[in-house]
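A note on names: the letters A, B, ... follow the listed sequences, proteins ahead of strands, and every chain is numbered from 1.
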Protein chains: 2
Amino acid sequence: MCHQCNYEELLSNAKLSATNNRIRVLEVVGNNSFPLSAKDIFNTLERNSSINRVTVYRILDLLVDHGVVERISTGGRAFYYGLAPNSHHEPHPHFYCMNCGQMDCLSPESLTVDMDDFIKTFPGQIEKMEVRIDGICKNCGNKQ
Amino acid sequence: MCHQCNYEELLSNAKLSATNNRIRVLEVVGNNSFPLSAKDIFNTLERNSSINRVTVYRILDLLVDHGVVERISTGGRAFYYGLAPNSHHEPHPHFYCMNCGQMDCLSPESLTVDMDDFIKTFPGQIEKMEVRIDGICKNCGNKQ
DNA sequence: CGTACGATGTAACATAATTGCATTTAGTGA
DNA sequence: TCACTAAATGCAATTATGTTACATCGTACG
Ligand SMILES: [Mn+2]
Ligand SMILES: [Mn+2]
Ligand SMILES: [Zn+2]
Ligand SMILES: [Zn+2]
């Protein structure tokens with residue numbers, strides 16, 4: 001849960017008008033301590049009031065394009081979404097449970113990556129780095 | 001291209017019978033210097049002689065399950081496949097071009113990750129770690 | 001041979017995401 | 001306030017990727 005982010009402010013900083021649906025999507029993404037799939041986000045929103053599935057996809061795309069939300073790949077078929085790194089959210093790695101699909105955020109210090117040399121020498125344009133651990137979460141492991 | 005791998009041997013080491021189709025799939029995966037999608041692999045195989053799309057998926061699943069092939073997630077919707085780390089293939093990060101979908105293997109030393117502390121303290125079971133850089137490759141960048 | 005089991009082929013299905021187009025909403029200026 | 005416009009949203013159809021169910025084939029072994 002993010003107590004330091006003002007979602008309308010995040011939108012306006014990204015030069016996006018703060019429509020009701022955008023705020024709702026961003027609240028669901030931001031108020032979670034772990035990334036969610038588009039379906040999770042849609043289901044959560046539907047519990048309150050109606051929204052179209054496609055609208056959720058479109059808003060997520062838009063927020064990713066504008067750097068407000070981060071699209072995270074998993075060991076599975078769907079993307080997950082979390083708040084993009086910003087002044088109070090450092091980039092960090094994730095753990096993906098191959099059994100239940102739960103994704104956890106790991107602390108930025110838990111895995112340290114040295115990419116300085118890489119950045120200096122790589123001939124292409126670097127957009128982002130993703131570090132993900134796949135495995136079986138504690139909860140799933142306990143059930144054997 | 002892997003000159004050090006004997007594909008039939010890789011299969012027998014994994015206790016898998018070396019059927020013609022399995023060898024063909026493994027050759028395509030192993031003879032490439034970069035990971036390929038299931039569709040790429042299928043298309044390559046079809047150019048020589050007929051094989052079913054589903055057979056390719058099944059063989060890839062099997063080889064991944066038996067640790068011969070590695071399933072790699074991308075910034076896109078499809079998984080890519082490469083030879084799994086083994087005695088002459090160290091684990092290494094990849095670069096994914098968000099424009100053309102080309103994935104490149106990076107040298108194991110280019111990005112160094114320290115996960116010792118993490119392994120000691122993480123309560124779940126760790127299967128693999130994936131490090132991926134997303135961006136625009138040199139080739140796509142040159143075309144603006 | 002004949003049987004059995006693993007491998008493959010084929011069609012149907014499932015899931016996640018995208019596209020095309022219609023409709024609604026919100027903003028802007030007369 | 002009203003009309004016009006552009007953006008946002010809804011809805012149906014479609015695409016991309018991967019999986020399942022079941023039939024058939026091929027081969028090892030008695
Ligand atoms: Mn996170
Ligand atoms: Mn590789
Ligand atoms: Zn789990
Ligand atoms: Zn490219």
For [N], take OP1 and OP2 only and decide whether either is under 4.0 Å from a side-chain N or O of [X].
X	N	result
B:Thr19	C:dT8	yes
B:Asn52	C:dT8	no
B:Tyr57	D:dG18	yes
A:Lys39	C:dT15	no

What I'd like to find out is whether the side chain of [X] reaches to under 4.5 Å of the side chain of [Y], using heavy atoms alone.
X	Y	value
A:Leu10	A:Asn86	yes
B:Asp117	B:Lys120	yes
A:Tyr81	A:Pro35	no
A:Val56	A:Asn21	no

Reckon B:Ser17 touches a base, only the sugar-phosphate, or nothing at all at heavy-atom distances under 4.0 Å? sugar-phosphate
Identify whether any heavy atom of A:Arg53 sits under 4.0 Å from a base atom; if not, whether one sits that close to sugar-phosphate; answer base, sugar-phosphate or nothing. base
In whole angstroms, how far is the [atom2] atom of [N] from the [atom1] atom of [X]?
X	N	atom1	atom2	answer
A:Ile51	C:dT25	CD1	C1'	15 Å
B:Tyr81	D:dG18	OH	C1'	8 Å
A:Phe42	C:dA17	CZ	P	13 Å
A:Glu46	D:dT9	CD	C1'	13 Å
B:Asn20	C:dG6	CG	C1'	15 Å
A:Tyr80	C:dT15	OH	P	14 Å
B:Ile41	D:dT17	CD1	P	13 Å
B:Asn21	D:dC25	CG	P	16 Å

Ring geometry between A:Tyr96 and A:Tyr80 (parallel below 30°, tilted from 30 to 60°, perpendicular above 60°): perpendicular
Assert: residue with more 5' nearest nucleotide on DNA chain D, out of A:Val54 and A:Leu62, is A:Leu62
Has the side chain of A:Arg77 got a donor or acceptor that lies under 3.5 Å from a partner of the other kind on the base of D:dT17? yes
Would you state whether a donor and an acceptor, one from the side chain of B:Arg58 and one from the base of C:dG6, lie under 3.5 Å apart? no
Nearest-nucleotide check on DNA chain C, B:Leu16 vs A:Arg71; residue mapping nearer the 5' end is B:Leu16
